[in-house]
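Below: one structure, written as structure tokens.
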Amino acid sequence: MTDDDHPQVHALLQDGTTVCIRSVLPGDHEQLHGLYEEMSPDNLRLRFFAASHRSAEMAADRACAPPRPGYRALLAETHGQVIGLAEYEAEDETGDGAGTAEISIAVADGLHHRGVGTLLVEHLVSAARAAGVRTFTADALSENHEVLRLFADLGLRTSRHFEGPEVRCTIELAEDDTYLAAVETRGRGADVASLEPLLRPDAVAVIGAGRRPGSVGRALLHHLHAGGFTRRLFAVNPGVNSVLGVPSYPSVSALPRVPDLAVLAIPAVAVAATAEECGKAGVRALLVVTAGLDADQGKGLLNACRTYGMRLVGPNCLGVSNTDPGFALDATFAAGHPRPGTAGVAVQSGGVGIALLDGLSRLGIGVSTFASLGDKYDVSGNDMLQWWESDGRTDLALLHLESFGNPRAFSRTARRVTRRMPVLTVDAGRTDAGRRAAASHTAAAATRTMTRQALFTQAGITATRSVGELLETAALLHAQPLPSGSRVAIVTNAGGAGVLAADACAEAGLALPALTTELVDDLLGVLPEGAAVGNPVDVTAAVSEEQLRECLDRVARHPGIDAVLVALVPTAVATATGDDLVRALTDGRARRERPVAVVRLEQALPVELLPVTDGGTIPSYSEPGAAARALAHAAHRAAWLSRPAGTVPDLVDIDTGRARTVAENFLAAHPDGGWLDPRTCGELLDCYGIPQLNWAWAETENDAVIAAERLRGPDGRVVMKAHWPGLLHKSEQHAVHLDLQGDAQVRAAFRDFETRFAGLLTGVVVQPLAARGTELFAGIVQDEVFGPLVLFGLGGTATEVLADHAARLAPLTDHDVHDLITSPRCAPLLFGTHGGGPVDLEGLEQVLLRLSRMASDLPQLAEADFNPVLATPGAVSVLDARVRLLPRRAQDPYLRRLR
């Protein structure tokens, strides 16, 4: 196996230690031999069935031999020391890696029970799948409980066959949700352990804290000291003995104890060397606030962190904080200390971070942990989600991410976490200008808006459009229960305010149902004369505090209402009578099962949380739109939670092996990739059972006539489409002839193409004229960051102009494909809204699921364009398909590895 077959990556053991996983090289022979030589006799016997040092020599020889078909060997090392080896060898004589392979594992003495073997096996499983291996076998002594437990706990289907003192294990490598969930569980434990030195350090050193007022290092040290950090705190500055009363030392190596966390606020040119010094000293985490690192400086920083196993936040960041009273860690240079609370916050922009810290503190929600990720070399939003999931304090997660490192892993984590707590984000970079700013700000590749929105939708993340909207929504989700649906009742003491609230609810997608006769009669019995009991309910300016309370109680209890929006304005009437209408919402009797939001147009702040006298809060907004948007987000979250987790359906008549061969053969002939010719494209679609309208390929006029004769339908008409490499938009090139009848018209059409496209034309596609139906579009875009995205919507020649498309990330679940079909504006056409009868919805779902499967199976699939897809009540078929392949390698998005 070469280095290219499994590039060097870093990953985390169960205790949070960083290890390097890489291919075995010939130069590793001495270390591998030493790995076995240093094993105890008992472990040698369990590994080789005999305590023979000759076996150790042979094992090292085998692993370091020149690459050969059907064999893979991966090792784990830390600080340059090999600590484990996993290898497989195909059992068939051809050695092509197909079918079954035998696996073996070795872990250094003293390093068992830390997950070394399991991590190696996960990486070996990924490599084996890519090579076409479907099953691992392993022989072990029945007393080797550790390796048997390792196989049993992988999450893969495993069987055992006992033969005397030995047991033969068979492990099926098919990836399913059980395996991915097991990998996630192991990864979460390792991730959280690795973040302990960062977020719960026992000792912190600030490197770069000086005497000069206004310096970032000094501000960080002051924040830590003044914030009441309860553990050991040091400064590192060779010119002074103390800074702000904190003892200072000339270097990291001179500190009286090794800090868990080192905070670097030093010039960019010194960052990499200082990180190296920290790593050699045993520091376990770095926070680098320094900005302006060039590519070489950044590479040096990350290399030091990986070499010495340090987790890294930054560079170019605001810092981190943990408000747990046991630590009171505030390693930021924000203006003030965050209020302790239950919201976890992760941002890339320091400015956004400051706004969220201030807003959450002002609202009284407070912060559990905060991380400004900056350029996000290492610690990411995915890491923070797993920390919040496990910390026992966080019940609300707020994210502001401008880039994604591993979106598919992030999506799986977010889907899990958001079922336990709301996860909110700002959909940053929605416009071209915003995307350019994000790329410039974080040196990250810009992501497509549609792709990012698909990620948020599928993961159940509440995506807002601004920091203000994020805080407004967080206030409601923190303070109120979720609504059961989107039906809202508006109660107001001013008709104009009610109209504004009604418009805002309608614009947010909320429903304003008419109140039932029983509820109307009930309300008229408690409200003052002149009240208008519709929806909105206008209680008039004469309403008293008690009347308003009774009205709200009755509305909130009604089964036809899911939420209540109360729009209040101050009046002289209430003031004169001594009534406090807000008190009707906030006294001890105000606790209601359905969510309530208040709008007070005179309110100075955009959102406040009004305390209820016996505990709890009610959100109050300064304008109706904010309240309506927050209620809409809450309703969407409730709807997402009410649906069971989707599953990827099993599909029949799929030939993945043949499809991969088609792709490989095309790329062998076209090393730079390109668009498939019609015959190759048709063959690829056949591998996935995607229905196509009958067609034939013709390279001569006579062949076209013969094909037309065979394909003519009852009306005798056919369609002819020109083809040459690189032709994409046939209609724009006038490369399609419709309604051809008889041999003469077929010949004339072919000659026309020959004349107009002389030197280009390589052949034509002949098809019967399709029946009437709804023309749709289905396609794939392979995003470099997010992976394959499935698009669906209205098709035909106007598809790009109308842009009526929805998108979801592959692989599609049953819920995803339903959402894809129902999301575009054209969806009512598919369900027979205009009297035409519904199209074949099951057939349409199958086309989308099979397209998703094709994209997931073939990383070489850069894009696919099925337009039009003809949908009728009886069938769905692809009339025209384009597929482009590029030479790409498969990457396992769920393999445990650091960025």
Side-chain angles (χ1 to χ4, degrees), residues 651-655 658-659 662 666 675-724 727-731 735-750 752-753 761-779 795-797 799 839-851 853-854 864-883:
L651 301 174
V652 298
D653 300 326
I654 301 289
D655 193 342
R658 180 180 158 212
V662 169
F666 176 82
W675 293 94
L676 303 187
D677 61 82
R679 286 174 292 185
T680 307
C681 186
E683 184 180 3
L684 190 60
L685 269 59
D686 284 341
C687 294
Y688 288 92
I690 296 174
Q692 305 170 67
L693 186 68
N694 288 337
W695 62 277
W697 173 253
E699 296 182 2
T700 67
E701 180 181 322
N702 288 335
D703 288 344
V705 170
I706 294 170
E709 185 65 32
R710 179 167 57 86
L711 293 172
R712 280 194 181 98
D715 60 4
R717 293 179 293 176
V718 296
V719 174
M720 185 184 297
K721 304 173 183 178
H723 176 78
W724 64 84
L727 173 61
L728 300 181
H729 301 288
K730 299 181 183 69
S731 297
V736 179
H737 280 300
L738 303 172
D739 295 321
L740 300 178
Q741 299 186 55
D743 293 354
Q745 290 188 6
V746 171
R747 292 182 183 278
F750 190 92
D752 173 64
F753 286 161
L761 189 73
T762 56
V764 299
V765 171
V766 181
Q767 290 178 301
L769 186 67
R772 285 183 173 274
T774 303
E775 290 189 349
L776 302 169
F777 165 84
T797 56
T799 183
V839 304
D840 179 7
L841 296 173
E842 183 177 350
L844 189 55
E845 288 182 355
Q846 283 292 311
V847 168
L848 293 171
L849 288 169
R850 291 170 185 275
L851 182 59
R853 174 67 180 272
M854 182 167 70
D865 185 348
F866 297 175
N867 184 25
V869 176
L870 187 70
T872 67
V876 174
S877 59
V878 177
L879 271 58
D880 197 87
R882 298 182 296 138
V883 173

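Shown here are the side-chain contact (heavy atoms from CB on, under 4.5 Å) partners of V718, two or more places apart in sequence or in another chain: A708, R712, L740, V746, V766. Take F866 and apply the ring pair (Phe, Tyr, Trp, His ring centres under 6.0 Å) test, not counting sequence neighbours, and it matches no residue. Every residue meeting the side-chain contact (heavy atoms from CB on, under 4.5 Å) condition with A735, not counting sequence neighbours, appears here in chain and number order: A722, L727, K730, Q733, F757. Partners of L738 under the side-chain contact (heavy atoms from CB on, under 4.5 Å) rule, at least two apart in sequence or in another chain, are V719, V736. Scanning for side-chain hydrogen bond (donor to acceptor under 3.5 Å, both in side chains) contacts around T762 gives an empty result, with sequence neighbours left out. Remark: D715 engages R717 in a salt bridge (Lys or Arg N to Asp or Glu O under 4.0 Å) (not counting sequence neighbours). Under the side-chain hydrogen bond (donor to acceptor under 3.5 Å, both in side chains) criterion, D743 pairs with no residue at all, not counting sequence neighbours. With sequence neighbours left out, E701 forms a salt bridge (Lys or Arg N to Asp or Glu O under 4.0 Å) with R747, R751. With sequence neighbours excluded, no residue forms a salt bridge (Lys or Arg N to Asp or Glu O under 4.0 Å) with D840. For A770, the side-chain contact (heavy atoms from CB on, under 4.5 Å) partners at least two apart in sequence or on another chain are L693, L870, L879. For D686, there are no salt bridge (Lys or Arg N to Asp or Glu O under 4.0 Å) partners two or more places apart in sequence or in a different chain.
Residues A871 and L776 share a closest heavy-atom pair of CB-CD1, 3.7 Å. Heavy atoms only, all atoms of each residue included: G689 and R850 are closest at O-CD, 3.6 Å. A864 and L851 get closest at one heavy-atom pair: CB-CD1, 4.3 Å.
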Next item on the list: Kindly determine whether V878 and I690 satisfy side-chain contact (heavy atoms from CB on, under 4.5 Å), including the steps that lead there.
Entry: CA-CA 8 Å; V878 177; I690 296 174; 3.8 Å; yes
Check: Taking it one step at a time, do I654 and R853 satisfy side-chain contact (heavy atoms from CB on, under 4.5 Å)?
Finding: CA-CA 9 Å; I654 301 289; R853 174 67 180 272; 3.8 Å; yes
Next item on the list: Could you walk me through whether V883 and W675 pass the side-chain contact (heavy atoms from CB on, under 4.5 Å) test, one step at a time?
Entry: CA-CA 6 Å; V883 173; W675 293 94; 5.6 Å; no
Next item on the list: Applying side-chain contact (heavy atoms from CB on, under 4.5 Å), run through L849 and L651 and close with a yes or a no.
Entry: CA-CA 8 Å; L849 288 169; L651 301 174; 4.2 Å; yes
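Under the side-chain hydrogen bond (donor to acceptor under 3.5 Å, both in side chains) test applied with D880, the options Q767, K721, Q692 reduce to a single match, K721.
Here the straight-line distance linking atom CH2 of W724 with atom CG of D677 works out to 15.0 Å at 0.5 Å rounding. The CG atom of D653 sits 9.5 Å away from the CD atom of Q846 when rounded to the nearest 0.5 Å. A distance of 8.0 Å separates CZ of R882 from CG of N867, quoted to the nearest 0.5 Å.
Ring to ring, F753 and H737 are close: their centroids are under 6.0 angstrom apart.
The side-chain heavy atoms of T872 and R772, taken from C-beta on, include no pair separated by under 4.5 Å. Using a 4.5 Å heavy-atom cutoff, the side chains of V847 and P691 are in contact.
Remark: the backbone N or O of Q741 is paired with a side-chain donor or acceptor of Q745 at under 3.5 angstrom.
Screening residues 685-723 for ring-ring contact (aromatic ring centres under 6.0 Å, His included) gives W697-H723 as the qualifying pairs, with residues at least two apart or on separate chains.
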